[in-house]
Asker: 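Take a look at the following structure, please.
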Protein chains: 2
Amino acid sequence: MNQTINILVVEDDNDINQLLCKIIKKSQYDPQPAYSGTEALLYLDKQNWDLILLDLMLPGMEGEQILAKITEKGSIPVIIISAKNEKETKINSLRSGADDFISKPFDVDEVSARIDSLLRRYKHTNETSNQELIHKDIHLDAESKTVFVNGNKIMLTVREYKILILLMASPKKVFSKSNVFESVWGEPFHGDDNTVNVHMSNLRNKLSKVNPKEEYIETIWGMGYRMKS
Amino acid sequence: MNQTINILVVEDDNDINQLLCKIIKKSQYDPQPAYSGTEALLYLDKQNWDLILLDLMLPGMEGEQILAKITEKGSIPVIIISAKNEKETKINSLRSGADDFISKPFDVDEVSARIDSLLRRYKHTNETSNQELIHKDIHLDAESKTVFVNGNKIMLTVREYKILILLMASPKKVFSKSNVFESVWGEPFHGDDNTVNVHMSNLRNKLSKVNPKEEYIETIWGMGYRMKS
DNA sequence: GCTTTTCTTAAGCTTTGTTTTAAGCCTTTC
DNA sequence: GAAAGGCTTAAAACAAAGCTTAAGAAAAGC
């Protein structure tokens with residue numbers, strides 16, 4: 001049960017990277033150093049990270065690009081650690097999906113406290129990746145990001161896939177439109193929006209194309225959507 | 001559907017409090033100023049807060065005590081805003097359950113960005129309020145938004161569902177029509193309205209369709225409604 | 001840069017839910 | 001035990017939520 005917590009440390013400076021890893025180890029977490037942007041990207045897809053520490057100034061690739069890749073990938077908590085200390089950098093990072101911003105030079109204990117604080121809240125969120133979800137004759141393989149209905153592979157777009165994985169991860173739960181929007185799009189929902197409907201409709205079509213008799217996703221009027229059991 | 005987000009602003013300085021409220025309003029959230037620790041505590045239990053901004057230096061009561069009360073109460077996200085800028089204060093706050101620490105003087109845009117960042121995550125995680133309400137043979141599961149009477153699933157509309165959850169959450173309490181209306185509809189009640197009656201009737205019908213002998217909701221003449229024990 | 005795919009927006013339409021209306025039914029009070 | 005006021009109910013009118021389609025915009029892929 002005592003699962004290890006994996007933290008990716010993206011920082012080109014050798015000494016600082018080692019220092020960060022040391023801090024992390026001291027708190028009983030499992031650090032993985034990455035010394036460049038490209039190295040970071042390699043690790044990114046390789047496993048599920050519980051948290052990422054990211055330096056914004058990297059050789060080869062800008063930290064901002066990495067941040068974009070991370071947020072695109074899912075909802076991994078990110079702490080930016082940077083010497084680029086201007087207001088704009090800070091705010092842009094936070095707006096782009098970072099959860100915290102620590103300025104260099106940093107205080108060892110503060111870094112540790114902020115890591116703990118973030119993990120305390122979000123430890124339990126990232127548990128659904130890297131497994132196979134099954135519901136009726138839908139098989140969703142999270143690792144290869146493929147979906148089979150009745151043995152037939154179907155091609156979903158990113159949005160459709162994310163909606164499906166959300167619903168399938170908690171098959172009894174009812175997700176409101178705003179739930180869905182905020183989980184899948186990662187931004188606040190403003191009520192007059194039709195795009196969830198459209199994607200839901202498209203997803204349903206793709207699912208039922210294979211097996212027209214079956215209804216997979218049900219609508220709970222005024223409440224939202226749920227996998228039909 | 002488009003729920004408001006309530007933010008409690010605990011800060012004794014009038015100008016700063018107003019400034020913070022202004023920032024919050026600009027982001028379409030709903031701020032509530034509290035100018036002292038005691039005032040903050042009053043508000044704390046009064047409703048469910050999505051986020052709390054907390055100044056550490058308050059007259060009468062120390063901010064640390066408030067923080068303790070907040071974390072004790074549940075998992076409301078807290079951002080500390082403080083002029084006490086020493087390392088120890090920062091780290092203690094974070095270790096005591098705060099999610100972020102902003103030093104005074106603060107930058108308006110940074111505050112805004114950090115609020116958004118925290119809410120973005122919090123709203124995803126806080127949806128697992130998986131509670132089940134039981135009254136006689138009625139089982140109400142909040143996560144799946146389903147209601148069972150004597151083991152049989154019954155289909156309720158949103159209004160009916162909300163009325164039932166209200167009554168079942170406080171089964172001994174008598175709810176006046178205006179109570180019900182204001183809780184379920186979220187707007188002030190004007191006495192000459194019959195709609196609560198209608199929905200109550202429909203709800204009773206659906207409940208007693210399964211089990212006609214049982215009376216679940218009783219009318220207290222001139223007072224309101226209550227779950228019948 | 002051009003092509004292809006995917007996403008978003010908007011409109012019209014269908015389904016479902018809500019409110020109003022109004023008649024009749026209980027309780028209470030005098 | 002009749003009048004008054006509150007409560008219930010059923011049905012009609014209305015409103016809202018959801019679905020589908022198609023077309024333009026944006027993004028991704030080549």
Side-chain angles (χ1 to χ4, degrees), chain A residues 41 65 68-69 71-73 96 145 147 154-164 167 174-209 212 215-226 228, chain B residues 1-3 145 147 154-164 166-167 174-209 212 215-226 228:
Chain A
L41 286 187
Q65 289 172 263
K69 291 272 177 200
T71 47
E72 182 186 296
K73 190 174 185 297
S96 314
K145 307 211 167 172
V147 177
I154 60 170
M155 305 304 285
L156 299 182
T157 69
V158 181
R159 300 268 129 115
E160 289 156 8
Y161 177 80
K162 284 190 176 173
I163 291 173
L164 185 62
L167 295 184
V174 176
F175 292 87
S176 70
K177 278 190 217 304
S178 106
N179 286 163
V180 173
F181 192 83
E182 280 163 15
S183 286
V184 173
W185 276 257
E187 43 188 271
F189 179 71
H190 296 106
D192 56 341
D193 198 328
N194 187 38
T195 101
V196 173
N197 294 338
V198 174
H199 287 282
M200 201 61 80
S201 167
N202 294 338
L203 175 56
R204 279 172 167 161
N205 281 338
K206 288 191 183 175
L207 291 174
S208 62
K209 200 162 196 176
E215 195 195 340
Y216 297 100
I217 300 171
E218 64 180 337
T219 303
I220 320 293
W221 258 76
M223 300 196 177
Y225 301 94
R226 172 177 54 194
K228 185 164 191 182
Chain B
M1 195 89 157
N2 208 1
Q3 214 182 315
K145 310 216 159 147
V147 178
I154 60 169
M155 306 302 283
L156 299 181
T157 69
V158 185
R159 299 268 131 114
E160 289 154 10
Y161 177 80
K162 285 190 175 169
I163 291 173
L164 185 61
L166 177 70
L167 295 184
V174 177
F175 291 87
S176 70
K177 280 189 216 305
S178 108
N179 285 162
V180 173
F181 193 83
E182 278 160 18
S183 288
V184 173
W185 277 257
E187 43 188 270
F189 180 70
H190 299 103
D192 57 341
D193 197 326
N194 190 37
T195 90
V196 173
N197 296 338
V198 174
H199 287 285
M200 202 60 79
S201 164
N202 293 337
L203 175 56
R204 279 172 167 160
N205 280 339
K206 289 190 183 176
L207 291 174
S208 61
K209 201 162 195 176
E215 196 194 340
Y216 297 101
I217 299 172
E218 62 180 339
T219 303
I220 318 293
W221 259 73
M223 300 269 124
Y225 301 93
R226 172 176 58 190
K228 186 165 190 183

Asker: Ignoring backbone atoms, establish whether A:W221 has a side-chain N or O less than 4.0 Å from OP1 or OP2 of D:dA16.
Answerer: no
Asker: So, does the side chain of B:N194 form a donor-acceptor pair with the base of C:dT21 at under 3.5 Å?
Answerer: yes
Asker: With sugar-phosphate meaning primed atoms plus P, OP1 and OP2, does A:Y225 contact a base, only sugar-phosphate, or nothing at under 4.0 Å between heavy atoms?
Answerer: sugar-phosphate
Asker: In this structure, how many angstroms lie between the P atom of C:dT27 and the CD1 atom of B:I220, rounded?
Answerer: 13 Å
Asker: Indicate whether OP1 or OP2 belonging to D:dT20 is found under 4.0 Å from a side-chain N or O atom of A:R204.
Answerer: no
Asker: Using side-chain heavy atoms (C-beta onward) and a distance below 4.5 Å, is A:F181 in contact with A:H190?
Answerer: no
Asker: From the set D:dT9, D:dC19, C:dT18, return the single nucleotide nearest to any side-chain atom of B:R159.
Answerer: C:dT18
Asker: Could you give the CD-to-C1' distance, from B:E215 to D:dT8, as a whole number of Å?
Answerer: 13 Å
Asker: Rounded to whole angstrom units, what separation is found between the CG atom of B:N202 and the P atom of C:dT20?
Answerer: 14 Å
Asker: Closest approach of A:K177 and A:F189, non-hydrogen atoms and distance?
Answerer: CB-CZ, 4.1 Å
Asker: What integer distance in Å separates A:M155:CE from C:dT6:C1'?
Answerer: 13 Å
Asker: Under 4.0 Å: is that the gap between some side-chain N or O of A:T157 and OP1 or OP2 of C:dT5?
Answerer: no
Asker: Roughly how many Å is it from CH2 in A:W185 to C1' in C:dT9, rounded to a whole number?
Answerer: 13 Å
Asker: Of the options C:dA10, D:dA10, C:dC7, whose atoms approach the side-chain atoms of A:H199 most closely?
Answerer: C:dC7
Asker: Within less than 4.0 Å of OP1 or OP2 of D:dC7, is there a side-chain N or O belonging to B:T219?
Answerer: no
Asker: Can you check the A:M200 CE to C:dT15 P distance for me, whole Å?
Answerer: 20 Å
Asker: Taking all non-hydrogen atoms of both residues, which atom of B:L167 and which atom of B:Y225 are closest, and how far apart?
Answerer: CD2-O, 4.2 Å
Asker: I'd like to know if the side chain of B:N179 reaches the main chain of B:S176, judged simply by a donor and an acceptor atom lying under 3.5 Å from each other, with no hydrogens or angles considered.
Answerer: yes
Asker: Does C:dT18 have OP1 or OP2 under 4.0 Å away from a side-chain N or O of B:T195?
Answerer: no
Asker: Can you tell me the distance, in whole Å, between the CG atom of A:D192 and the P atom of D:dA15?
Answerer: 20 Å
Asker: Between C:dT21 atom C1' and B:N197 atom CG, what is the distance in whole Å?
Answerer: 13 Å
Asker: Taking only the side-chain nitrogens and oxygens of A:K177, find out if one of them lies under 4.0 Å from OP1 or OP2 of D:dA17.
Answerer: no
Asker: Could you tell me whether the side chain of A:K206 and the main chain of A:M155 form a donor-acceptor pair under 3.5 Å?
Answerer: yes
